[in-house]
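First comes the structure, then the notes that go with it.
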Amino acid sequence: MLRAVLRSTSRLAAVVAAAALAIAACGGGDEASTATGTATTTARPAAPATLALDFTPNAVHEPIFAAVREGLDRPHGVRLRIREPGSAPNSLALLTSGRVDVGILDVHDLAIARERGVDVVGIAALVQKPLAALIARGDVARPRSLAGRTVGVSGLPSDPAFVRAIVQGDGGAYARVKQVTIGFQAVSSILSRRVDAVPAFWNAEGVALRRRGVRTREFRVEDYGAPAYPEVVLVTARRTLERKRALVDGVVAAIGDGMRSVLARPEPAARQIARAAGQADVGLVREQLRVMRPVVVPPMRLDRAVLERWADWATRFGIVRRRPDVDRAFAFEVAR
């Protein structure tokens, strides 16, 4: 079953393979690593650090934008630059080629990349619980009802396995689900009735569809057997973590400060993300930030026990074939 899933994402598999070669090939004069595990305020000049987003700017990314907007990066010795995605997911390729220092990945895509030999490491959690859901049109009563119907997937390798986990978690026949690649067009694909369901974020696309008056059902993954894992994580290449440790620490600390700023003052955050996303509806972004508040506390922390349970679940449902080594996949000492 998993082989079929991986064949459907052969283009991204090639990207991952190229990323593995990039990690092996890259070298050079990066700064020496530090022995400390936390970033502290420093008087040294701010070093440039580039972060690649995984998706169109949305509420999940606001702590990053806040860190730049409010200059929260400079006291931690970094000058943060944000790189937005193109028409397809590319943060992993940018990260492993050395063109960016930090990226954002779905936690499942981190596991898949590592299984394919790409030595990337999770360094912090942007959220503490799953944001992903299988969002379906209102006439889909439950996940198993998707047998014989069409689900739109983004092209990320984790999407088909995620669909499988929810459909099979409801006792459905995953093999009978038709899947088409729709990129980042989840909302428009549901509105146009091109698909019956999409793996998407309940705090982003889910909110957008409700505000458009669309009747949907949200099948959240934790309701079908998943642990409350951190959905969206900051990642870096291991070589970057080893050679630019102070820079990585500074980025995580700055974004942590950005998170606390957004929690305290959400209105500037809503307006900025609306502009960055080309979104005229500030109320939509405001609502996305509001529903996200419960899942970002404690800010940035990685919980080892939760991730061990996630590793068991991800293996059981075929997201990966080999159980992730949690100690190798995550650097718990960065976001303390």
Side-chain angles (χ1 to χ4, degrees), residues 1-16 55 88-89 106-109 111-113 115-116 130-202 204-206 208-210 212 214-227 229 231 309-324:
M1 183 68 71
L2 183 59
R3 289 181 180 175
V5 170
L6 296 182
R7 279 199 300 271
S8 71
T9 56
S10 58
R11 179 177 61 83
L12 280 152
V15 171
V16 174
F55 197 74
D106 179 286
V107 70
H108 305 312
D109 291 310
I112 291 169
E115 185 171 58
R116 295 176 179 173
L131 299 177
L134 198 52
I135 300 178
R137 290 185 0 217
D139 60 340
V140 178
R142 54 191 303 170
R144 65 176 142 187
S145 304
L146 288 166
R149 303 181 76 164
T150 303
V151 173
V153 293
S154 69
L156 289 170
S158 59
D159 272 6
F162 178 83
V163 174
R164 176 187 173 191
I166 294 181
V167 171
Q168 289 189 345
D170 191 39
Y174 170 73
R176 294 186 56 210
V177 176
K178 302 172 186 177
Q179 297 182 55
V180 296
T181 301
I182 60 172
F184 294 153
Q185 305 304 314
V187 171
S188 62
S189 295
I190 289 285
L191 288 172
S192 67
R193 304 180 73 86
R194 178 186 175 192
V195 300
D196 298 292
V198 289
F201 283 173
W202 54 258
E205 291 91 344
L209 286 165
R210 285 198 300 274
R212 297 285 290 269
V214 180
R215 189 169 69 91
T216 60
R217 295 180 189 268
E218 292 178 359
F219 307 121
R220 298 192 185 186
V221 64
E222 62 267 41
D223 294 331
Y224 295 91
Y229 57 79
E231 177 82 40
R309 293 195 295 274
W310 158 79
D312 291 336
W313 177 83
T315 308
R316 185 167 71 252
F317 277 99
I319 292 173
V320 288
R321 286 172 287 186
R322 296 187 302 274
R323 186 184 187 278

Closest approach of [X] and [Y], non-hydrogen atoms and distance?
X      : Y      : answer
Arg137 : Arg149 : NH2-NH2, 4.1 Å
Phe219 : Val140 : CZ-O, 3.6 Å
Ile112 : Val320 : N-CG1, 3.9 Å
Thr315 : Pro324 : OG1-CD, 3.6 Å
Ala186 : Ala200 : CB-CB, 4.4 Å
Gly169 : Phe317 : N-CE2, 4.3 Å

Flag side-chain contact, heavy atom, 4.5 Å: [X] against [Y]:
X      : Y      : answer
Leu209 : Leu191 : yes
Arg176 : Lys178 : no
Thr216 : Glu205 : no
Tyr174 : Pro160 : yes
Val167 : Val151 : no
Glu231 : Trp310 : no
Val221 : Tyr229 : yes

Say you draw a straight line from [atom1] of [X] to [atom2] of [Y]; how long is it, rounded to the nearest 0.5 Å?
X      : Y      : atom1 : atom2 : answer
Asp223 : Leu134 : CG    : CG    : 12.0 Å
Gln179 : Thr181 : CD    : OG1   : 8.5 Å
Phe162 : Tyr224 : CZ    : OH    : 11.0 Å
Ser145 : Asp170 : OG    : CG    : 7.5 Å
Ser154 : Asp109 : OG    : CG    : 7.5 Å

Does a salt bridge link Arg220 with Glu218, judged by any charged N lying under 4.0 Å from a carboxylate O?
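Yes, charged N to carboxylate O under 4.0 Å.
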
Candidate pair Ile135 and Ile190, rule side-chain contact (heavy atoms from CB on, under 4.5 Å), full reasoning
CA-CA 9 Å; Ile135 300 178; Ile190 289 285; 5.6 Å; no

Does CZ in Arg212 sit with more than 12 non-hydrogen atoms of other residues, nucleotides or ligands closer than 6.0 Å?
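Open: at most 12 neighbouring heavy atoms sit under 6.0 Å from CZ of Arg212.
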
Please check if atom CZ in Arg316 has more than 12 non-hydrogen atoms from other residues, nucleotides or ligands closer than 6.0 Å.
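Buried by this count: over 12 neighbours within 6.0 Å.
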
Indicate yes or no for a side-chain donor-acceptor contact from [X] to the backbone of [Y] under 3.5 Å, with no hydrogens or angles considered.
X      : Y      : result
Glu115 : Arg322 : yes
Asp106 : His108 : yes
Arg215 : Gly138 : yes

